[in-house]
**Q** 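Provided herewith is a single structure, encoded as structure tokens, for subsequent inquiry.
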Protein chains: 2
Amino acid sequence: MRKPTIQDVARRAGVGVGTVSRVLNNHAAVKGATRELVLQAIADLDYTPNPHARRIAGGKSYTISVLLPVVTTEFYVRLLDGLESAFQEARYDVAIFPLLDRSRLERYLGSHTLAYQADGLVMVTYNLTQLFNERRLRNQQPTVLVDAYAEGVDCAFMDNVTGGRLAGEYAARLPGELYAIWVETELDQLFTTRVFEERRAGFRAALQGSGRTLRAEFTASFDALAARNVATALLDEAQLPCTVFASADLLAGALLDEARGRGLTPGEDVRVIGFDDQPWAAARGLTTLHQPVEQMGHEAAQLLLSRLGGYRGPARARRFEPHLIVRDTA
Amino acid sequence: MRKPTIQDVARRAGVGVGTVSRVLNNHAAVKGATRELVLQAIADLDYTPNPHARRIAGGKSYTISVLLPVVTTEFYVRLLDGLESAFQEARYDVAIFPLLDRSRLERYLGSHTLAYQADGLVMVTYNLTQLFNERRLRNQQPTVLVDAYAEGVDCAFMDNVTGGRLAGEYAARLPGELYAIWVETELDQLFTTRVFEERRAGFRAALQGSGRTLRAEFTASFDALAARNVATALLDEAQLPCTVFASADLLAGALLDEARGRGLTPGEDVRVIGFDDQPWAAARGLTTLHQPVEQMGHEAAQLLLSRLGGYRGPARARRFEPHLIVRDTA
DNA sequence: TTGTAAGCGTTATCAC
DNA sequence: GTGATAACGCTTACAA
């Protein structure tokens, strides 16, 4: 059985296709009774408009493309949740185009694939706008950047500098030596995220402001194994009691494990401040920075929706601030 | 500047739109010289066909929808990699529709969103076909199931029973007591995956076959915290030396941490067999089961592509077998 | 081998 | 208010 079309609906309701279209798009000029008639026919036939046809006819397809790095991180799940729920309210669908690696990105940019045929585009973490400029890729459609910032584009991003500063101010008031573990920035120019250097900058600025200094700094890449190794290295050399700012909960968790393995008491021998407030952080009593990620996603969606709704004003930047959650470990 | 259309290309090449379309779709009946002319015009104009228009005109949109659970697991990244690379070879785009929770799923099923307007559909992990039947959702388009199995649909799935069996056969030959940690199955009927019970079934069958029995069994949900807790509980009560089958590397990793914290030597006091072969498993010397996930994704894509290519035969099921990688921990 | 024209399912622009 | 009808960008007969 063929999918019902707008023609079928019109025929069944005994009206013209134009009227059906008006009902579909909430064009006020439809009489109440007629509207009911059409709605009934739509229900009877279980009709849904074809988004491709809508799009091609110059209307909206009610689809948003999200260019998303595929990384196994809670962060993106939460972000997606925020984006999705906001778009859903506005009856938009969200399609994700995975950015698995650089070559995939090139492909998306090189061709004007379906990702660029949606009503709007959400670009996450990676700031591709510079590429759009360089390559003269005419990205006509409304775009919003999330977890990234650029001039002239609507953005919603986390203020990681403030997050780092909050950690630094808190740590500065704690007794004992100060240590920090930073996350290594990736080499690839394009696929670089600046969040970790921002956290670092904020933390150092806070220490400086309070006249304290780090006894030593450590660096690790963002994976479980590196986290374990750096935890071991740090505790091998640390002078207790001490306070450690682990610039990601992944790092903090490994440090807690290692400390426990050595019979040390977190919050006394080793104070630990994480960053992210992962789902397990509360249960382990980790003092850490919570980021309003869902809100950021929600707001990003609103920015884009306002553009789709006709907003033509200047680019807006929405900054979100992490806040410190003090628990047992520091 | 407007996006160039097929009309523009035709005009520039001095041919009809039909000819351009033929070139675009590799319809053999185009003279070499004409083809070159068209190709040149396409290049000059930087033209790319509009997938919406293609789709609506009854052709292909060259887009595949993937219904994917959004879980922060390496497994899905690898799977996506396999799917994407295969589809890319065939010049198809992949759009992901995230299944964040049950309500999202309902929505996708209830309306005929863009997800169902692609050339083909890949459904991952969750077997939704039964829903399609129950609700009389006419899913006309070619579909393939990955990491799931159902009658009458092309499937590519991992043989977790065999994986469990391999672990069991290996463990049965090891000295000392035998323990196992299982992963709790979620309650939601729909969002249930059977992989963990399959691993369990295979393992138990192997033990039974060799006349050995488990000294005790433990259960944990699939998260870092639960993994730590169950590791503690197990080592509190375990009689050493022993062998533990942790039915997911997440569990095995936590056990290794806990063992080390207690000064135990993995591979001697506590032998550990994991399941998944996570990226860090090799570095930690974890004996575990490796799953050919990328291959599974690749094959799933091939199954779907063959349907798109006109294959009308019966449904095919492709089974993939994990294999044991023996390293230091067991 | 190639051009022309009729769809495909919508929206938007007209008249009425 | 509402019904025709012309786009939209493409594929695919059908002619030539």
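A, B, ... follow the sequence lines: proteins, then strands. Residue 1 opens every chain.
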**Q** Please report the distance, rounded to the nearest Å, between CD1 in Ile56(A) and P in dC8(D).
**A** 10 Å
**Q** Can you see which heavy atom on Gly152(B) is nearest to which on Ala315(B), and at what distance?
**A** C-CB, 3.4 Å
**Q** Which pair of non-hydrogen atoms, one from Met158(B) and one from Gln291(B), has the smallest distance, and what is that distance?
**A** CG-OE1, 3.1 Å
**Q** Indicate the atoms forming the closest heavy-atom contact of Ala10(B) with Val20(B), along with that distance.
**A** CA-CG2, 3.7 Å
**Q** Grab the CG-C1' distance between Asn26(A) and dA12(C) for me, whole Å please.
**A** 16 Å
**Q** When rounded to the nearest 0.5 angstrom, what distance separates NE2 in His298(A) from CD in Glu89(A)?
**A** 4.5 Å
**Q** What integer distance in Å separates Arg55(A):CZ from dA7(D):P?
**A** 20 Å
**Q** Any idea which heavy atoms bring Arg22(A) and Val30(A) closest together, and the distance?
**A** CB-CG2, 3.6 Å
**Q** Hey, does Leu145(B) have a side-chain heavy atom less than 4.5 Å from the side chain of Phe157(B)?
**A** no
**Q** Could you give the CG-to-P distance, from Asn50(B) to dC8(C), as a whole number of Å?
**A** 18 Å
**Q** Can you run down the salt bridge (Lys or Arg N to Asp or Glu O under 4.0 Å) pairs that involve residues 5-20 of chain A, sequence neighbours left out, and say none if there aren't any?
**A** Arg2(A)-Asp8(A), Asp8(A)-Arg11(A), Arg12(A)-Asp44(A)
**Q** Picking from dC10(D), dT10(C), dT2(D), which would you name as closest to the side chain of Arg54(B)?
**A** dC10(D)
**Q** Mind checking if Val17(A) touches a base, just sugar-phosphate, or nothing, with heavy atoms under 4.0 Å?
**A** base
**Q** Checking all strands, does Gly32(A) fall into the base, sugar-phosphate, or nothing category for heavy-atom contacts under 4.0 angstrom?
**A** nothing
**Q** Map Val30(B) and Lys60(A) onto DNA chain C by nearest heavy atom, then report which one ends up closer to the 5' terminus.
**A** Val30(B)
**Q** Do the side-chain N or O atoms of Ser21(A) get closer than 4.0 angstrom to the phosphate oxygens (OP1, OP2) of dT11(C)?
**A** yes
**Q** Side-chain N or O of Tyr62(B) less than 4.0 angstrom from OP1 or OP2 on dT11(D)?
**A** no
**Q** What is the distance, rounded to the nearest whole Å, between atom CG of Leu45(A) and atom P of dG9(C)?
**A** 13 Å
**Q** What is the separation between atom CG on Leu37(B) and atom P on dT1(C), rounded to the nearest whole Å?
**A** 16 Å
**Q** Only one of Arg316(A), Gln302(A), Arg318(A) clears side-chain hydrogen bond (donor to acceptor under 3.5 Å, both in side chains) with Asp154(A); which?
**A** Arg316(A)
**Q** Using whole Å, what does the distance between atom C1' of nucleotide dC8(D) and atom NZ of Lys3(B) come to?
**A** 13 Å
**Q** Taking only nitrogen or oxygen atoms into account, show me every contact under 3.5 Å that the protein makes with nucleotides 14-16 of chain D, one pair per line with its distance.
**A**
none

**Q** For dG9(C), does either OP1 or OP2 sit under 4.0 Å from a side-chain N or O belonging to His52(A)?
**A** no
**Q** When the nearest nucleotide of DNA chain C is assigned to Ile6(A) and to Lys31(B) on a heavy-atom basis, which residue is associated with the more 5' position?
**A** Lys31(B)
**Q** Rounded to the Å, how far apart are Gln7(A) CD and dG7(C) P?
**A** 12 Å
**Q** For the helix from dT1(C)-dA16(D) to dC16(C)-dG1(D), measure the angle between the helix axis at one end and the axis at the other, each built from five pairs, rounding to 10°.
**A** 40°
**Q** Determine: side-chain N/O of Thr19(B) to OP1/OP2 of dT2(C), distance under 4.0 Å, yes or no.
**A** no
**Q** Does the side chain of Asn26(B) come within less than 4.5 Å of Arg35(B)'s, by heavy atoms?
**A** yes
**Q** What are the two closest non-hydrogen atoms of Val66(A) and Val94(A), and how far apart are they?
**A** CG2-CG1, 3.6 Å
**Q** Closer than 4.0 Å, any side-chain N/O of Asn25(A) to the OP1 or OP2 of dT11(C)?
**A** yes
